[in-house]
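To keep things clear, I will list the structure first and then write my remarks on it.
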Amino acid sequence: MTSDEARQLVIDGINYAAYRETDSSLHDSDKNLLFGSEHYRSGRPIVKPSPWAEGDFEEKMAMLLVWANVLNRSVPAFTDAQRLLEGEESVIGRVHPACQASTSWRGLWTFILECSRRVR
């Protein structure tokens, strides 16, 4: 798996967790920030600003990655992709260690509840 394929797999997992748990998927701008370049251009009209861009973006992505890991626990490629990106000097490279430090279930549920209130 290439670094770009790993990034895309991890971003897809984070996006799925965001949509599944808060009904607000990542915008292209959020995905591009995680990817590190202009990679996503869905053409989807932007009705309102991304709720993920407000506040500490990396912290929010780390918590979503914790949830994505739960949802993808039976997908070895998802874990492999994260391992490949570990230590990379990028947003997604910084999100992975923060995810490992934020594995408190109480913190995860608090985060999900806060996000779901903000995006609705």
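For clarity, every value in this text was computed on a predicted model and none was experimentally measured.
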### Side-chain touch L65/Q82, heavy atoms, less than 4.5 angstrom
yes
## Note on the structure
Taken to the nearest 0.5 Å, the spacing of L85 CG from L9 CG works out to 9.5 Å
### Query
What's the shortest heavy-atom distance between I11 and F35, and which atoms?
CD1-N, 3.6 Å
### Task
Take W67 and M63 through the side-chain contact (heavy atoms from CB on, under 4.5 Å) test and state the conclusion after the steps.
CA-CA 7 Å; W67 194 246; M63 292 304 289; over 6 Å; no
#### Entry: Backbone N/O of A53 and side chain of K60: donor-acceptor pair under 3.5 Å
no
### Query
Do any pairs count as a salt bridge (charged side-chain N to carboxylate O under 4.0 Å, His left out) and have a residue in residues 70-79, sequence neighbours left out, and if so which ones?
none
#### Entry: Over all atoms of both residues, closest heavy-atom pair of S24 and A18
O-CB, 3.5 Å
### Query
Would Y19 end up clustered with L64 when hydrophobic side chains under 4.5 Å apart are linked, directly or stepwise?
no
### Summary
Of all heavy-atom pairs linking L34 and L26, the shortest is CD1-CD1, 4.1 Å
### Query
Nearest heavy-atom pair of A68 and A17: which atoms, and what distance?
N-CB, 3.9 Å
### Query
Has the side chain of E59 got a donor or acceptor atom that lies under 3.5 Å from a matching backbone atom of D56?
no
#### Entry: Stepwise side-chain contact (heavy atoms from CB on, under 4.5 Å) test for D80 and R83
CA-CA 5 Å; D80 294 343; R83 233 181 258 125; 3.3 Å; yes
### Message
Apply side-chain contact (heavy atoms from CB on, under 4.5 Å) to residues Q8 and K31 and explain how you reach the verdict.
### Response
CA-CA 9 Å; Q8 194 157 358; K31 293 178 191 176; over 6 Å; no
### Query
Is there a side-chain contact between L33 and M61, using heavy atoms and a 4.5 Å cut-off?
no
### Query
According to a 4.5 Å side-chain heavy-atom criterion applied to Ile, Leu, Val, Met, Phe, Trp and Tyr, with indirect links allowed, do M1 and I14 form part of one hydrophobic cluster?
yes
### Task
Identify the two heavy atoms, one from L84 and one from A6, that lie closest to each other, and give their separation to 0.1 Å.
CD2-CB, 3.7 Å
### Task
Taking side-chain hydrogen bond (donor to acceptor under 3.5 Å, both in side chains) as the test, write out the residues that go with N15, two or more places apart.
none
### Task
Under the salt bridge (charged side-chain N to carboxylate O under 4.0 Å, His left out) rule, collect the residues that match up with D12, sequence neighbours excluded.
none
### Any donor-acceptor N/O pair, D30 side chain to H27 backbone, under 3.5 Å
yes
### Query
Looking at F57 and W52, what are the two nearest heavy atoms and their distance?
CD1-O, 3.3 Å
